[in-house]
Amino acid sequence: MPTVSFTRNLQRHLPAPTTAATGTTVAEVLAAVFAEHDQLGSYILDEHGAVRPHVVIFINGRAIRDRTRLSDAVAPDDDVYVMQALSGG
Amino acid sequence: MNPEPDRTLQRYARQMLYPRIGEQGQKRLRHSSVTIIGCGALGSVSANTLARAGVGSLRIVDRDFIELNNLQRQVLFDEQDIANGLPKAEAAARKLRRINSAIEIEPVVADANPDNIAAFCRDADVVLDGTDNFETRYLINDLCVQADLPWVYGAVIAAEGLVLPIVPNETPCLRCIWPDPPAAGTSPTCDTAGVLSPVVNIVASLQSLEVIKMLIGAYGELNRELFSIDVWTGRVRNLDMQASREGGACPCCGQRDFVFLAGERTSATVSLCGRNAVQIRPPRGADPLNLAAIAGRLPFDARPKRNEFMLRFEIEAHEFTLFPDGRAIIKGTDDEARARGLYARYIGG
C-alpha cells in the first residue's frame, strides 16, 4: 500500500501519523487517511476537495500535477508526502 | 605566462582554491550586489556569509530592532547592540564592516512594502529572502518575477527548513508552489513552534551558496529542487517542483498578476512572529514623523527614550517603538485591532 506522511509542522496542529493507505490516485489515498483522521481533511483540502493554496503534495518527491481533482496516479510502493509553506526566518 | 595574481583577493584564497569559484569567480563576486530583505536569523547568517565571501555590495533591509531572545540564533548581534538600542540593519552593517572593510554595506531601516521594494532591489543582481513572514515573501516574489530578478527563498520553523532558488520565467516561483499564503492562524509561527539555531544556520548557508552560484553565473549548477530538512530527525528531501510550473496557471509568473506588488494583498497591520507584538504601518504617502515632538506630547510616565532611529516609550502596559516613517511596533499584544487603537490614540492617524 502507498505510504502517506506529513510535515512535522502539520503534526503540531493535528494528529497526522504516517499511514499506509489504499487507493490508486492521490484523492483515493487521502480519502482513506481522512476516514481515520477527519480533521486533517479540512486542513489540507478546501470545501471543493482541491489542495489548499498553502499546501503541496508530492509523490516520490515530485509535486503532483492536479491540485484540483487530485487525479495523479499512485502506485502501491509510492510515498505520498504532504507539506505546507513555512513562514519563519 | 600567467597574469599577476590580484593581491586584494588574498583574503579569499581558500575560497578561490575551490575550482568552481577560482579567481575569476571571486572577481565576479567583488563586482556583485545583493539585497537582503530581512536581517533576523536567516538574514544575519546570510549577510555574514556573503560579506566574508567577498560579495562587493550588500544592501540590508530590516524593519526591526534587537531583543534578547534574538541572540540565540541571530549571529551578527550581541548584548551591546541591545543596550545601544540599534535597529538590526544598522547593527548588522557595523558588525559586517569590521568583518570585511573591503566591501560596501548599506543598511536600510525600513519595512519592505509595495511602495519601496523596487527601490531596495534596484541594482541588485540577486535578492536573498531573510524575512519572517509570508506577506513580504510574496511581495519579493512578485517584484522579482516582474523584474526578472533571481532570488532565493528560505524559511525555518522549529527544526524544519526550506530552501529554493527562484530564477523567474525559468524555474517555479513561490506562487507556482503555494498559490497563496495560509490564512492567519493556520500555520505554525515562531510563537507556537519556536526555532532551533542549527536549522537557521543550515538554511541560510544553503541560501548563500545558491546566491554565490548565481553571482558567478553558475546557473546550471543551482539546486533547482525544493530542499527540505528536519534537523532533529536528520531527514533531508530534495523535492521536484517542476510540475508546479506546467500549464502557465501560476497567477504570478504565468498570468503575471502581481497582486502583492500592487498592494492588493498587503495589510497595514501585521502580528510579528514570536514577539507578542504588532506592527502598524501608516498609509501610503504618509508624512514622516517628528519623533521629538511626539515624545514631548507623551504622558509623563511614558518614559520616552529616543535616538536617531526610533522613539521608544511605554503606555498602558505596552511598549511602543516608533520609527520616523510612521511605522510602529507595539509590544504586549497580538491583537491587531487593539494595536491599531493604541496607535490612533497616542500617535494619531
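Quick note: numbers below take in every heavy atom, side chains included, and nothing from hydrogens, waters or symmetry partners.
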Give a yes or no on whether [X] atom [atom1] has more than 12 heavy-atom contacts from other residues, nucleotides or ligands under 6.0 Å away.
X: A/Q39; atom1: CD; value: no
X: A/R69; atom1: CZ; value: no
X: A/E36; atom1: CD; value: no

Among the options B/P172, B/G247, B/A159, B/P179, pick out the one with the most heavy-atom pairs lying under 4.5 Å from chain A. B/P179
Find the one option among B/Q242, B/R137, B/M241, B/E225 whose heavy-atom pairs under 4.5 Å with chain A are most numerous. B/R137
Distance (rounded to the nearest 0.5 Å) between [X] [atom1] and [Y] [atom2]:
X: B/I66; Y: B/L71; atom1: CD1; atom2: CG; value: 7.5 Å
X: B/F258; Y: B/C253; atom1: CZ; atom2: SG; value: 8.5 Å
X: A/L30; Y: A/T25; atom1: CG; atom2: OG1; value: 8.5 Å
X: A/M83; Y: B/I177; atom1: CE; atom2: CD1; value: 9.0 Å
X: B/D64; Y: B/N70; atom1: CG; atom2: CG; value: 7.0 Å
X: B/R235; Y: B/I229; atom1: CZ; atom2: CD1; value: 11.5 Å

For B/L76, is there any backbone N or O sitting under 3.5 Å from a side-chain donor or acceptor partner on B/K95? yes
Given a strict heavy-atom distance threshold of 4.5 Å, which part of [X] is in contact with chain A: side chain, backbone, both, or neither?
X: B/A249; result: neither
X: B/L226; result: side chain
X: B/D129; result: neither
X: B/D180; result: both

Test item: A/L86 and B/V156 side chains (from C-beta on) under 4.5 Å apart, heavy atoms: no
Between B/V61 and B/T35, is there a side-chain heavy-atom distance shorter than 4.5 Å? yes
Chain B contact via A/V55 - side chain, backbone, both or neither, heavy atoms under 4.5 Å: backbone
Examine whether an atom of A/R67 lies under 4.5 Å from a heavy atom of chain B, and if so say whether it belongs to the side chain, the backbone or both; otherwise answer neither. side chain
Indicate, with yes or no, if the rings of A/F6 and A/H37 have centres closer together than 6.0 Å. no
Residues from residues 71-81 of chain A approaching chain B under 4.5 Å (heavy atoms): A/D79, A/Y81
By residue number, those in residues 57-64 of chain A with heavy atoms under 4.5 Å from heavy atoms of chain B are A/F58, A/G61, A/R62, A/A63, A/I64
Which pairs pass salt bridge (charged side-chain N to carboxylate O under 4.0 Å, His left out) with one or both residues in residues 156-166 of chain B, sequence neighbours excluded? none
Between A/Y43 and A/Q84, do the side chains contain an N or O donor and an N or O acceptor separated by less than 3.5 Å? yes
Answer yes or no: is there an ion pair linking B/K88 with B/E67, defined by an N-O contact shorter than 4.0 Å? no
Does the pair B/R281/B/D111 count as a salt bridge with the N-to-O cut at 4.0 Å? yes
Using a heavy-atom distance cut-off of less than 4.5 Å, which residues of residues 36-48 of chain B contact chain A? B/G40, B/A41, B/L42
